[in-house]
Amino acid sequence: MSEPVTTFQAPFGTHDVLGPQSAQWEGLVAIFADFAYRYGFSLALTPLFEEVGVFHRGIGENSEVAKKEMYVFTDRGDRVYALRPEGTAPIVRAYIQHQPTTPWKAWYVTPAFRYERPQAGRYRQHHQLGVEVLGTDDPAVDVEVIALAWRFYAALGMTRVRLLLNSMGHDECRGAYVSVLRDFLEANVDQLCDEHRLVWGENTLRVLDCKKEPCIAVTSRGPMLPDHLCDDCREHFERVVAGLATLGIEAVLDPRLVRGFDYYTRTTFEFVSDALEGSQKSIGGGGRYDKLAEQLGGKPTSGVGFGSGIERLLLAREAEDLDSALINRTLDLFVVDTTGLDDATVLVDRLRSAGFATSRSYDGRSMKSQMKVADRSGARLALLIGPMEHGAGQVTIRDLRSENFEQAQQTVALGDVVAAVSNLLTN
RNA sequence: GUGGGCGUAGCUCAGUUGGUUAGAGCGCUAGGUUGUGGUCCUAGAGGUCGCGGGUUCGAUCCCCGUCGCUCACCCCA
């Protein structure tokens, strides 16, 4: 008697991406890689896990993510690591470690791990692509980073994307604002929503982000951060706003925009898709983080970047009924061989070397069954080798996508196959 | 962390007010057409009805538990 064999499935909150959906991922990443290249970024690959301090000191001890959403583990050497919950802190860690010449412009595509309850558009492992620029606080860079994202979304065909823009100021002007806001909230505490009436003091800025009526009513007549920026921060923000306007990029100034990580200074922004609902709406975001390098033990270094969720982007495209393929992964050729000899092996090798996407059947099945597989493969042409072709040194080429399949085939000499199929495929 | 919903074939789902061998469509395999796919016809394979316990003469169905999935809130991508 044997135990029943247990089966496995992907861990809770994770998902497998298989064909044909995986082709959309391939296309999305390829398009983004091309954008990053055109904007002067180079790919940065950093480990999936880092010492936990990289994230604690980076994204802030008080953020939801750092407090209770990280996958933390201890390795056999008693080192405490965390699976990356986001992409920016590791890039800054790598910057500090390697001191590349500035401005350093890096792009990435990576999984991100957060221990949350999964739901539509939210996973314990999701995937992000993004860029970071280290070593300059020129507002032109803020504009460039936002422009890259904006143009990228447009290239994906998305039309219902809005850009929300705000400035958090630097430490001092934000600190001054927070105490003004704190005084204001304290004076109106009994009018806040049930939750924030109790916790408004813990993370004061979060109250601005509250979606409930009572809080909105209170904060909408309270002080707003952009009105409390110092001269330098205000000028920086104005130049970002002006730069975007010059490029024709429509930004919605949103003084309530408060992002989830503590490292942001000055420019913060978020992209929302109005094709999506609720918490899934946010398809990307980012901002400036001029203090982060110091917090991670490096020299003071300005930085700005953005990240976007791949799953959310594909959801948003779907919600906008954008069904176009982001990359062509259609097979050109399918070789059918009923001789059971090596003809197919030799032929597919030659066709692939000649640049054609080529598949074939295996297991020596019947002509009928091999043709069925050829059809399902999506290939445009089938190349048939039977005893007749084998003996005559020929190949029969059949057009699988032709309407009048009676006349859709021809037989050519083995030596003419490459020329013949390339002729047929370009028509 | 909080609160809903759902687990029957590979997929999408019927079903039994508790009763013998549990169904359909699609998909898959083979045949009709012994060298030809996409239409059509026929046949076949495939299920511990999530798992465990309880009630019962009898449970896929009722009850309890458990696991899994899913959706929403919170927060985020």
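Letters A, B, ... mirror the listed sequences (proteins, then strands); counts begin at 1.
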Quiz item: Considering only A77(B), G37(B), C69(B), which nucleotide approaches the side chain of R122(A) most closely?
Solution: A77(B)

Quiz item: CD of Q97(A): more than 12 outside heavy atoms within 6.0 angstrom?
Solution: yes

Quiz item: Using atom C1' of each nucleotide, how far apart are C11(B) and G46(B) to the nearest Å?
Solution: 13 Å

Exercise. May I ask you to decide if the ring planes of H127(A) and W25(A) are parallel, tilted or perpendicular, using 30° and 60° as cut-offs?
Key: perpendicular

Quiz item: Hey, does the side-chain of Q409(A) have a donor or acceptor N/O within less than 3.5 Å of a partner on the base of U36(B)?
Solution: yes

Practice problem: Return no unless some side-chain N or O of R365(A) is found under 4.0 Å from OP1 or OP2 of U29(B). | Solution: yes

Quiz item: Which base sits across from G68(B) as a Watson-Crick or G-U pair, both distances under 3.5 Å?
Solution: C6(B)

Quiz item: Which part of the nucleic acid does G307(A) contact within heavy-atom distance under 4.0 Å: base, sugar-phosphate only, or nothing?
Solution: nothing

Exercise. Considering only atom P, compute the distance from A24(B) to C41(B) and round it to an integer number of Å.
Key: 15 Å

Exercise. Could you tell me whether I283(A) contacts a base, only the sugar-phosphate backbone, or nothing, with contacts defined as non-hydrogen atoms closer than 4.0 Å?
Key: sugar-phosphate

Self-check item: C13(B) pairs with, by Watson-Crick or G-U criteria that keep both distances under 3.5 Å
Solution: G23(B)

Quiz item: Hey, does Q9(A) reach any base, or is it just sugar-phosphate, or nothing, if we go heavy atoms under 4.0 Å?
Solution: sugar-phosphate

Exercise. Looking at every strand, decide which applies to E86(A) at a 4.0 Å heavy-atom threshold: base, sugar-phosphate, or nothing.
Key: nothing

Practice problem: Quick one: look up who C73(B) pairs with, Watson-Crick or G-U, both distances under 3.5 Å, and put none if it's unpaired. | Solution: G1(B)

Quiz item: Relative to the ring of F306(A), is the ring of F269(A) parallel (under 30°), tilted (30 to 60°) or perpendicular (over 60°)?
Solution: tilted

Quiz item: When you match E270(A) and R376(A) each to their closest nucleotide on RNA chain B, which lands nearer the 5' end?
Solution: R376(A)

Quiz item: When we call it a touch if two heavy atoms are under 4.0 Å apart, what does G285(A) touch: a base, just sugar-phosphate, or nothing?
Solution: nothing

Practice problem: Give one of base, sugar-phosphate or nothing for A120(A), where a contact means two heavy atoms less than 4.0 Å apart. | Solution: sugar-phosphate

Quiz item: Does a sphere of radius 6.0 Å around CZ in F73(A) hold more than 12 heavy atoms from other residues, nucleotides or ligands, not counting ones at 6.0 Å or beyond?
Solution: yes

Quiz item: For Q191(A), does the CD atom have more than 12 heavy-atom neighbours from other residues, nucleotides or ligands under 6.0 Å away?
Solution: yes

Quiz prompt | Polar side-chain atom of R380(A) near backbone of R401(A) as donor-acceptor pair, under 3.5 Å | solution = no

Quiz item: What integer number of Å spans the P atoms of G25(B) and A43(B)?
Solution: 11 Å

Self-check item: P atoms of G7(B) and C49(B), separation to the nearest Å
Solution: 15 Å

Quiz item: If you take atom types as modelled and just measure distance, does the side chain of R117(A) reach the base of C73(B) with a donor-acceptor pair under 3.5 Å?
Solution: no

Practice problem: Select base, sugar-phosphate, or nothing to describe what K368(A) touches, counting heavy atoms under 4.0 Å on all strands. | Solution: base

Exercise. Can you tell me the pairing partner of A59(B) across any strand shown, Watson-Crick or G-U wobble, with both distances under 3.5 angstrom?
Key: none

Quiz item: Paired with U48(B): which nucleotide, if any, by Watson-Crick or G-U wobble criteria at under 3.5 Å for both distances?
Solution: none

Quiz item: If you measure from the P atom in A9(B) to the same atom in G50(B), how many Å do you get, rounded?
Solution: 8 Å

Quiz item: Would you say a side-chain N or O of Q119(A) is under 4.0 Å from OP1 or OP2 of C69(B)?
Solution: no

Quiz item: NA contact type, Y115(A), heavy-atom cut-off 4.0 Å: base, sugar-phosphate, or nothing?
Solution: nothing

Practice problem: Identify whether any heavy atom of E389(A) sits under 4.0 Å from a base atom; if not, whether one sits that close to sugar-phosphate; answer base, sugar-phosphate or nothing. | Solution: base

Quiz item: Touch check for R124(A), heavy atoms < 4.0 angstrom, all strands: base, sugar-phosphate only, or nothing?
Solution: nothing

Practice problem: Ignoring the backbone of L384(A), work out which of G37(B), U36(B), A72(B) is nearest its side chain. | Solution: U36(B)

Quiz item: Considering heavy-atom distances to RNA chain B, does P118(A) or F261(A) have its closest nucleotide positioned more toward the 5' end?
Solution: P118(A)

Quiz prompt | Pairwise P distance, C62(B) and U2(B) [rounded to whole Å] | solution = 28 Å

Quiz item: In the strands shown, is U33(B) matched to any nucleotide by a Watson-Crick or G-U wobble pair with both distances under 3.5 Å, and which?
Solution: none

Self-check item: Rounded distance in Å between the P positions of C51(B) and U60(B)
Solution: 10 Å

Quiz item: Which part of the nucleic acid does Q128(A) contact within heavy-atom distance under 4.0 Å: base, sugar-phosphate only, or nothing?
Solution: sugar-phosphate

Quiz prompt | Donor-acceptor pair present, R206(A) side chain and C75(B) base, under 3.5 Å | solution = no

Quiz item: With a 4.0 Å cut-off on heavy atoms, is D209(A) in touch with a base, just the backbone sugar-phosphate, or nothing at all?
Solution: sugar-phosphate

Exercise. Pick the C1' atom in C13(B) and in C6(B), then give their distance to the nearest Å.
Key: 13 Å

Practice problem: Return yes if the base of A77(B) and the side-chain atoms of Q125(A) contain a donor-acceptor N/O pair under 3.5 Å, otherwise no. | Solution: no

Practice problem: Indicate yes or no for a side-chain donor-acceptor contact from N328(A) to the backbone of T330(A) under 3.5 Å, with no hydrogens or angles considered. | Solution: yes

Exercise. Identify whether NZ of Lys or CZ of Arg in R124(A) sits under 6.0 Å from the centre of the six-membered ring of Y115(A) and within 45° of that ring's axis.
Key: yes

